[in-house]
Amino acid sequence: MGRYIIAPSILASDFSCLGAEVEAVLSAGADFIHFDVMDNHYVPNLSIGPMVCEALRKSGVTAPIDVHLMVQPVDEMIRMFADVGATYISFHPEASDHVDRSLQLINELGCKGGLVFNPGSTIEILKWLLDRLDMIVLMSVNPGFSGQKFITQTLKKIHLVRDLIDTGSREILLEVDGGIGVENIAEVASAGADTFVAGSAIFGSQDYASVISQMRAELEEVVSL
Ligand code: DX5
Ligand code: ZN
């Protein structure tokens, strides 16, 4: 895996042939599968759950599965996703009464833990939790739907979190989720992100490999700056 990670969000894929979509996007060069879990409670939409993750693993998917929980409460879903082969499990701090305990649970179950921050959420809590994190996710749209417009305020927050990660010695991915495409991925990377979720930009295109390679070409430019 290179310095940058591209994580297509299967929320924007064709669910009628999900297995084929996942296979297609992985052979097109994706690094992670971003797996959005919505409960019609924490967010106003309903998506897929642990049984679907299990089915992907059983069908032979070995790539990291990056589970983004948009559910409340979180602990039972953490257990269920750890059981069916999730690699990363991230949740929104507002959705857990005991954030540190939920992160410990993820770690104890052998998964990598992440926290997700909405566009309107502060990140103060992070400095107390860095030791438990393998990923920090900054939402660049309000959670619930694919295909929304990137909120540019997020760029400032990416800078802040990049600085925070760099003050420590732990390897923590900085993922940005929402409204990312070929046209803005370089800007998001320049602000300090290393992991990019893209739903509609990839699955809404006819040629996944071409979009992913255009994204990588944009990222190359950032490296050489
Ligand atoms: C939104 C999800 C995102 C979404 C991204 O709640 O967390 O992962 O699928 O989709 P795009 O890239 O289309 O904004
Ligand atoms: Zn997501």
Side-chain angles (χ1 to χ4, degrees), residues 7 9-13 15 18 32-57 64-151 153-154 157-158 161 172-180 195 197 199-200:
S9 160
I10 53 174
L11 187 66
S13 71
F15 283 143
L18 182 62
F32 288 4
I33 294 300
H34 185 81
F35 193 107
D36 287 307
V37 185
M38 303 178 180
D39 67 349
N40 187 37
H41 170 71
Y42 181 68
V43 289
N45 200 355
L46 194 62
S47 64
I48 45 178
M51 286 187 290
V52 175
C53 184
E54 182 174 30
L56 291 178
R57 283 296 187 222
I65 297 184
D66 166 29
V67 173
H68 174 191
L69 294 180
M70 287 162 273
V71 304
Q72 188 173 24
V74 300
D75 290 358
E76 198 46 40
M77 281 298 114
I78 288 171
R79 290 189 190 94
M80 291 179 85
F81 273 100
D83 233 35
V84 295
T87 313
Y88 288 85
I89 302 179
S90 303
F91 64 92
H92 292 247
E94 299 89 343
S96 173
D97 287 332
H98 305 282
V99 176
D100 183 77
R101 179 182 286 150
S102 298
L103 286 171
Q104 283 189 55
L105 178 63
I106 295 173
N107 293 157
E108 281 162 19
L109 294 170
C111 298
K112 296 172 192 278
L115 279 181
V116 192
F117 295 88
N118 289 328
S121 298
T122 57
I123 52 166
E124 306 315 312
I125 192 178
L126 268 179
K127 64 172 179 268
W128 311 113
L129 297 165
L130 279 186
D131 288 352
R132 301 222 192 271
L133 290 170
D134 297 293
M135 178 187 277
I136 297 168
V137 188
L138 296 180
M139 293 303 301
S140 37
V141 299
N142 288 293
F145 304 92
S146 272
Q148 303 178 77
K149 194 173 174 300
F150 184 89
I151 295 171
Q153 279 292 345
T154 315
K157 219 189 243 181
I158 299 170
V161 175
I172 302 174
L173 297 179
L174 176 41
E175 177 174 89
V176 180
D177 184 5
I180 294 181
T195 304
V197 176
S200 45

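By convention here, the first residue in the shown sequence is residue 1. Side chains included, hydrogens not; waters and symmetry mates left out as well; all remaining heavy atoms used.
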Inset, instruction - For the pair F35 and V52, evaluate side chain to side chain contact (heavy atoms under 4.5 Å, CB included) and give the outcome as yes or no after the intermediate values. - result: CA-CA 10 Å; F35 193 107; V52 175; 4.0 Å; yes

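Judged as a ring-ring contact (aromatic ring centres under 6.0 Å, His included), and not counting sequence neighbours, the contacts of H34 are H68.
Residues M77 and D39 fail the side-chain proximity criterion, which asks for heavy atoms closer than 4.5 Å. Contact of the F32 side chain with the V197 side chain is not registered, since no non-hydrogen atoms from C-beta on lie closer than 4.5 Å. Contact check for I33 versus T87: no side-chain heavy atoms found under the 4.5 Å cut-off. Here the side chains of L173 and Y88 are in contact, with some heavy-atom distance below 4.5 Å. Between F145 and P44 the shortest side-chain heavy-atom distance falls below 4.5 Å. The shortest distance between side-chain heavy atoms of I48 and I10 falls below 4.5 Å. Considering only heavy atoms from C-beta on, V84 stays 4.5 Å or farther from I65 through its side chain. F117 places none of its side-chain heavy atoms less than 4.5 Å from the side chain of V161.
Within the model, atoms CG of L115 and CG of L133 stand 5.0 Å from one another, a figure rounded to the nearest 0.5 Å. With values rounded to the nearest 0.5 angstrom, R101 atom CZ is found 11.5 Å from R132 atom CZ. The CG atom of L138 lies 10.0 Å from the CG atom of D177; values are rounded to the nearest 0.5 Å. Summarising the geometry, atom CE belonging to M70 is positioned 14.0 Å from atom NE2 belonging to H41; distances are rounded to the nearest 0.5 Å. Between the OH atom of Y42 and the CZ atom of F91 there is a distance of 10.5 Å, given to the nearest 0.5 Å. For the atom pair T195 OG1 and I172 CD1, the distance stands at 12.0 Å (nearest 0.5 Å).
Of the charged side-chain nitrogens involved, at least one lies within less than 4.0 Å of a carboxylate oxygen, so that R79 and E76 count as a salt-bridged pair.
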With a 3.5 Å cut-off and sequence neighbours excluded, list the donor-acceptor pairs that the side chains of residues 104-112 form with protein atoms.
unit_1 : atom_1 : unit_2 : atom_2 : d
Q104   : NE2    : D100   : OD2    : 2.9

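Between the N118 side chain and the S121 main chain, no donor and acceptor come within less than 3.5 Å of each other.
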